[in-house]
Amino acid sequence: AQSVTQPDIHITVSEGASLELRCNYSYGATPYLFWYVQSPGQGLQLLLKYFSGDTLVQGIKGFEAEFKRSQSSFNLRKPSVHWSDAAEYFCAARSNDYKLSFGAGTTVTVRA
Amino acid sequence: DTAVSQTPKYLVTQMGNDKSIKCEQNLGHDTMYWYKQDSKKFLKIMFSYNNKELIINETVPNRFSPKSPDKAHLNLHINSLELGDSAVYFCASSHTPLRGATEAFFGQGTRLTVV
């Protein structure tokens, strides 16, 4: 069955420190991959996406993600976290169909 | 000029009532979706419409009935509301995903509380 796994439920990071959020997928073929962010009380905003080509993808707000086919992973990174990055982060995947499947989400807390 | 807009943002209602959530997109997309986010923040697709045709209908109680009057609108009507229906409902839209590389844009969500 197709699935997306985010192993970390909650991550706490200091402001200015680096952040890495893990995402693994289980699909028959490489799916389209996405990272969304949900700030408190807000909707989902697309941070970045991977469709094909360069495995290092740049997104908005200083985020990047690296696709690794051998590890079935699409990890999200940010070199220096700001307090405003505190949010819920969702990895998602889709084959060539209508179903966008989400991971369970990772809550990021930023401490001063 | 919000891309995907949902109304209302908050909805508090009593058990047994019937309510509707409206969604509109101005992105020119031909596919729209409803997702449910439960109390543990898990997101699950409920319905998808492509050009007003129902494409996805997950195992959702038939008390939930989506209606798409045109490509830009997908409304969600819920009959006989139950406590377990309390959740955040997200509308989304995209170009047809059958063509491959396209992303979904989400609305701000509607927080439904059934008391």
Side-chain angles (χ1 to χ4, degrees), chain A residues 1-6 8-11 21 23 27 29-54 57 59-60 63 65 67 74 86-109, chain B residues 2-7 9-10 21 23 25 27 29-51 53-60 66 74 88-111 113:
Chain A
Q2 299 173 335
S3 66
V4 178
T5 303
Q6 292 179 247
D8 305 305
I9 297 173
H10 192 178
I11 287 181
L21 304 181
C23 174
Y27 276 68
T30 300
Y32 302 108
L33 296 160
F34 310 85
W35 274 99
Y36 285 87
V37 61
Q38 184 180 21
S39 298
Q42 300 297 311
L44 293 159
Q45 182 180 23
L46 181 68
L47 284 175
L48 46 75
K49 61 199 179 208
Y50 175 75
F51 291 155
S52 64
D54 193 346
V57 179
I60 62 171
F63 284 92
F67 167 67
F74 188 55
E88 191 80 20
Y89 290 81
F90 293 95
C91 182
R94 180 177 62 75
S95 293
N96 215 24
D97 60 13
Y98 292 89
K99 288 191 181 182
L100 183 64
S101 295
F102 285 86
T106 299
T107 303
V108 172
T109 299
Chain B
T2 304
V4 182
S5 60
Q6 299 177 226
T7 54
K9 190 171 182 179
Y10 299 97
I21 306 172
C23 179
Q25 55 94 5
L27 297 167
H29 291 158
D30 52 14
T31 305
M32 297 185 72
Y33 313 80
W34 277 109
Y35 280 82
K36 179 180 180 180
Q37 186 175 46
D38 62 24
S39 58
K40 295 183 179 179
K41 298 199 173 181
F42 186 68
L43 281 151
K44 193 172 185 332
I45 192 167
M46 300 172 67
F47 301 104
S48 176
Y49 270 74
N50 176 258
N51 284 318
E53 181 184 351
L54 182 63
I55 299 297
I56 293 177
N57 185 354
E58 292 293 279
T59 49
V60 177
L74 180 61
V88 180
Y89 292 85
F90 285 100
C91 178
S93 73
S94 72
H95 290 298
T96 177
L98 294 182
R99 293 183 185 170
T102 180
E103 65 263 35
F105 292 82
F106 284 78
Q108 292 297 297
T110 296
R111 182 174 293 277
T113 303

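The sequence lines fix the lettering, A, B, ..., with proteins before strands; numbering per chain opens at 1. Quick note: numbers below take in every heavy atom, side chains included, and nothing from hydrogens, waters or symmetry partners.
Heavy-atom pairs under 4.5 Å with chain A were tallied for B/Gln37, B/Lys44, B/Lys9; the largest tally goes to B/Gln37.
Rounded to the nearest 0.5 angstrom, A/Ile9 CD1 and B/Lys41 NZ are separated by 12.5 Å. The structure places CZ of A/Phe90 at 9.5 Å from CZ of B/Phe42, a figure rounded to the nearest 0.5 Å. The distance from the CD1 atom of B/Ile45 to the CZ atom of A/Arg94 is 10.5 Å, given to the nearest 0.5 Å.
Side-chain contact check for B/Glu103 versus A/Tyr32: every heavy-atom pair is 4.5 Å or farther apart. Using a 4.5 Å heavy-atom cutoff, the side chains of A/Leu100 and B/Tyr35 are in contact.
Within the 4.5 angstrom heavy-atom criterion, only side-chain atoms of B/Ile55, from C-beta onward, approach chain A. Of the two parts of A/Lys49, only the side chain, counted from C-beta on, holds a non-hydrogen atom closer than 4.5 Å to a non-hydrogen atom of chain B. With a threshold of 4.5 angstrom between heavy atoms, A/Gln38 approaches chain B through side-chain atoms but not through N, CA, C or O. Neither the backbone nor the side chain of B/Gln6 has a heavy atom closer than 4.5 Å to any heavy atom of chain A. Heavy atoms of A/Leu44 lying under 4.5 Å from chain B belong to its backbone as well as its side chain. Proximity to chain B is limited to the side chain of A/Phe51, based on heavy atoms less than 4.5 angstrom apart. Heavy atoms closer than 4.5 Å to chain B are found in both the backbone and the side chain of A/Gln42.
Of all heavy-atom pairs spanning A/Phe34 and B/Thr102, the tightest one is CZ-O, 3.7 Å.
Residues that satisfy the salt bridge (charged side-chain N to carboxylate O under 4.0 Å, His left out) test with A/Asp8, not counting sequence neighbours, are A/Arg22.
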